[in-house]
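Below is the structure I would like to discuss, written out as structure tokens.
First the proteins, then the strands, lettered A, B, ... as listed; each starts at 1.
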Amino acid sequence: MSCGKCNKTTVEELKKTHKLLAEFDYEPVKVEKGYANRTLYVNVSDNKIELKPVSEELKEKFIGGRGFGLWYLWQAVTPETKWNDPENEIIISSGPIGGITQYPGTGKSYVVSLSPLTNIPIDSNVGGYFGPFLKFSGFDALEIQGKAENDVIIFIDGDNHKITIEEAPEECVDSHILAEQLTEMYADSEEGKKNVSVVSAGSAAEHTRIGMLNFSYYDVRRKKVKLKQAGRGGIGTVFRDKKIKALVIKFSNLKGDSNNPADFDTIAKTGIKLHKEIHDFDDLQNSMRKTGTTYLVSIMNDYDLLPTCNFQFGNHPEAHKISSKVFKNYFNITKTDGCWYGCTLACAKSVDVFKLKTGPYKGQKVIVDGPEYETIAGVGSNCGIFDPEAVLECNFYCDTYGVDTISFGTLCAFVMECYERGIINKETTGGLELKFGNWKAQLELLHQMARGEGFGKIAGQGIKRMKEIFAKDYGADINFLNDIGMEAKGLEFAEYMPKESLAQQGGFGLTNKGPQHDEAWLIFMDMVNKQLPTFEDKAEALHYFPMFRTWFSLVGLCKLPWNDIVPEDNAETDEPHKIPEHVQNYVDLFTAVTGKKITKEDLILQSERVYNFQRVFNIRMGKGRRKHDDIPYRAVGPVTVEEYESRQERYDKQLKEEVGINPEGMTTEEKIKVLREYREKRYEKLKDAVYKRRGWTMDGVPKLETLKRLGIDYPEVVEIIKQYLD
Amino acid sequence: MIEVNGEHIPWKEGMTIQDVLETCRYTYPMVIIKVNGKIIKRAQYETYKVKDGDVVQVIHLMSGG
């Protein structure tokens with residue numbers, strides 16, 4: 001396959017154009033109890049390659065995955081470092097449990113870097129084979145620093161214990177082509193393709209701040225390279241800024257016990273238990289095996305939670321057109337859709353043959369990895385687009401261009417609202433009629449991002465910077481843009497409507513990296529079940545769930561098998577929303593892999609350490625305090641008359657029952673103002689309660705006693721917070 | 001009237017758990033249902049009849065993401 005931009009048509013010809021810049025042989029090590037006990041450092045400025053030992057202290061305090069990533073990034077940067085400085089790193093690490101093949105969802109990698117969108121650390125999780133292969137090749141983490149002069153590929157040959165840095169001038173940058181070319185180039189044979197994994201970005205990652213990384217794996221049954229995405233925070237942009245074209249790893253000796261765990265039998269038994277649950281109950285529960293996460297579209301729509309037209313509304317009469325019932329017909333459903341070996345939940349759906357209608361690959365038949373719920377809601381409903389093929393087309397191009405579908409969807413929705421309100425027009429967009437529902441204009445915006453031209457280049461800077469540009473250059477009202485621009489800390493919101501759940505507003509706002517739902521998804525508990533009536537209840541949930549979910553990112557696990565399937569007797573447990581049996585599975589897995597006996601309380605403690613360290617890291621980089629946890633008012637309540645009047649009965653009732661004001665005789669504008677004062681005050685009270693529960697000051701700074709309790713009161717950490725403590 | 005997740009909704013003669021779910025538009029499949037604190041099994045949703053004044057909890061579990 002070729003992009004048509006170069007004259008090399010075979011991988012042999014492409015390979016010949018590579019220039020070897022560095023070569024490094026290393027001694028193999030046996031993974032012991034989930035750790036290789038060594039990391040790999042590569043600097044693409046001076047082509048230095050070296051190994052670093054992993055200390056017991058590092059394993060104890062930071063566990064692995066995101067914990068390792070944050071620790072190494074802390075050492076690499078200073079408070080002055082910017083995302084595009086050579087000092088910034090990209091760190092990839094799985095974690096001690098990562099790579100076992102007996103339990104579903106164990107192939108995750110976690111990627112950490114300073115984000116071009118937020119200028120603070122971002123962590124993004126991804127499936128595919130790279131993370132486990134990295135560990136089994138002998139490295140608990142890969143640290144990449146520096147900036148290359150020309151495009152390079154870093155190749156880790158885990159079979160022959162060799163690392164090379166190669167200049168690679170000719171390969172296409174777009175991932176669907178590049179991953180396939182490199183898989184073929186570095187595999188020993190057709191059969192050996194399953195032993196190769198490629199990390200790549202794409203052409204839009206070069207021209208925007210919303211670049212993401214694709215992690216590949218070879219689907220033996222389809223004979224196709226599939227891609228999973230480390231989407232959030234612009235790490236693909238950092239990758240291309242370093243002129244890295246791709247990372248390639250080859251590891252051919254995968255075995256069921258490659259992690260060399262302390263207690264294999266317990267892992268096997270725990271896995272069998274969950275496989276059985278999935279087999280028996282998935283069809284009655286979320287049907288992940290058949291529809292992946294697409295099942296959420298109609299559910300979110302029914303509960304008024306599906307973001308529609310830039311989060312103005314939570315449902316739409318046409319949502320059924322992009323529901324799982326529709327996408328199910330496009331999917332080639334098999335039981336082998338896991339993105340790592342042994343995952344029977346198998347949510348990694350794909351559309352195997354899709355003919356493109358636009359862009360440089362128009363007319364080609366391609367495989368589309370997805371769509372997942374977030375993509376459908378982001379590039380679909382939130383942009384007023386309810387055409388499933390438009391969603392698939394956009395999904396494909398976001399992936400191959402290396403762009404995060406969540407940031408793209410949310411920023412496109414913002415642009416469309418600005419267009420419809422006359423804040424921007426055809427003149428400013430260079431002729432693009434960016435109205436809600438215009439999927440052709442949306443796709444052209446994306447193609448412009450890939451070409452680095454036109455309005456696409458402006459939009460690709462993200463909502464935070466667009467707001468500044470629109471106010472400065474087009475005279476827009478910055479206060480209104482701040483109300484409707486769905487970003488916090490510089491990161492675009494994930495695709496759930498939080499207006500009617502105060503706890504979820506905290507789940508988006510009181511986060512380390514920005515409004516991403518992987519910290520806490522509390523809408524049902526709060527808004528529907530009414531299980532969190534007090535500020536203290538919400539604060540407890542905003543302590544427990546972010547800590548619990550952080551843990552997945554430390555050990556190499558996917559979150560989905562935790563609560564997208566539940567045991568039959570879960571209802572009879574004391575805390576069914578925590579899925580106690582699955583929590584115990586995780587405790588058992590950790591102990592069985594590492595040999596370290598832990599309890600469910602230890603699990604939270606492990607996360608708290610890393611979470612608080614990340615908070616201090618944010619403070620070190622100039623964010624991470626109370627004011628940085630603010631969210632746009634559209635996430636909190638109705639900004640416009642249309643929003644209020646579309647749910648007038650609900651809001652009038654709240655004014656009467658919660659605020660204690662009779663709305664009769666008030667104009668809508670007056671009602672909006674009163675409701676806003678009430679809701680904004682409530683969010684501030686939530687901050688107080690959450691900070692208290694997390695052991696932080698009212699400015700959101702972890703207290704010294706908290707750092708001491710967690711054992712992370714290192715001098716350089718204490719130094720950062722000292723100036724903010726009384 | 002019956003109470004469902006803290007909201008009052010009209011009760012009808014012969015109303016089943018399934019009717020309650022439909023009335024409230026609770027379409028999410030992963031729920032735990034309690035009537036006056038007692039768990040009702042999924043298999044009974046279409047046959048279990050709620051009584052006037054019952055307190056029904058439809059506890060939605062988390063998922064997604």
* To do: Between chain A and each of B:I32, B:V31, B:V4, count heavy-atom pairs under 4.5 Å; write down the option with the most.
  =>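 With the most close heavy-atom pairs to chain A, the winner is B:I32.
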* Any idea which of A:W562, A:F545, A:Y303 has the most non-hydrogen atom pairs under 4.5 angstrom with chain B? ->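 That would be A:Y303.
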* Are the ring centres of B:Y28 and A:F524 closer than 6.0 Å? ->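 That pair passes the under 6.0 Å test.
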* Asked: Which value, rounded to the nearest 0.5 Å, describes the distance between A:K578 atom NZ and B:M62 atom CE?
  ->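 Here the rounded value is 9.0 Å.
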* Please examine the side chains of A:N570 and B:L61, heavy atoms only from C-beta on, and report whether any two atoms are closer than 4.5 Å. =>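 In short, these two side chains touch, coming nearer than 4.5 Å.
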* Is it true that B:K34 and A:E572 have a side-chain N and a carboxylate O under 4.0 angstrom from each other? ->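 No, no charged N to carboxylate O under 4.0 Å.
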* Asked: Can you say whether B:I39 sits under 4.5 Å from chain A via the side chain, the backbone, both, or neither, judging by heavy atoms?
  ->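 The answer is the side chain of B:I39.
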* Straight-line distance of A:K530 NZ to B:I59 CD1, nearest 0.5 Å ->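 A:K530 atom NZ to B:I59 atom CD1 measures 13.0 Å (nearest 0.5 Å).
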* Asked: Can you tell if the side chain of A:N286 reaches within under 4.5 Å of the side chain of B:M30, non-hydrogen atoms only?
  ->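 The answer is yes, as the side chains (C-beta and beyond) meet within the 4.5 Å cut-off.
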* Is A:N529 reaching over with its side chain to a backbone N or O of B:H60, donor-acceptor style, under 3.5 angstrom? ->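 At least one qualifying donor-acceptor pair exists.
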* Asked: Where does A:I523 contact chain B at under 4.5 Å (heavy atoms): side chain, backbone, both or neither?
  ->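 Nothing of A:I523, per the 4.5 Å heavy-atom cut-off to chain B.
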* Any chance NZ of A:K325 has more than 12 other-residue heavy atoms, nucleotides or ligands included, within less than 6.0 Å? ->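 Count not over threshold, so no.
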* Asked: Taking 4.0 angstrom as the limit, do A:E568 and B:K41 come out as a salt bridge?
  ->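 Looking at B:K41 together with A:E568, the answer is no, because their closest N to O distance does not fall below 4.0 Å.
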* A:L284 side chain near B:P29 side chain, heavy-atom distance below 4.5 Å ->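 Not in contact.
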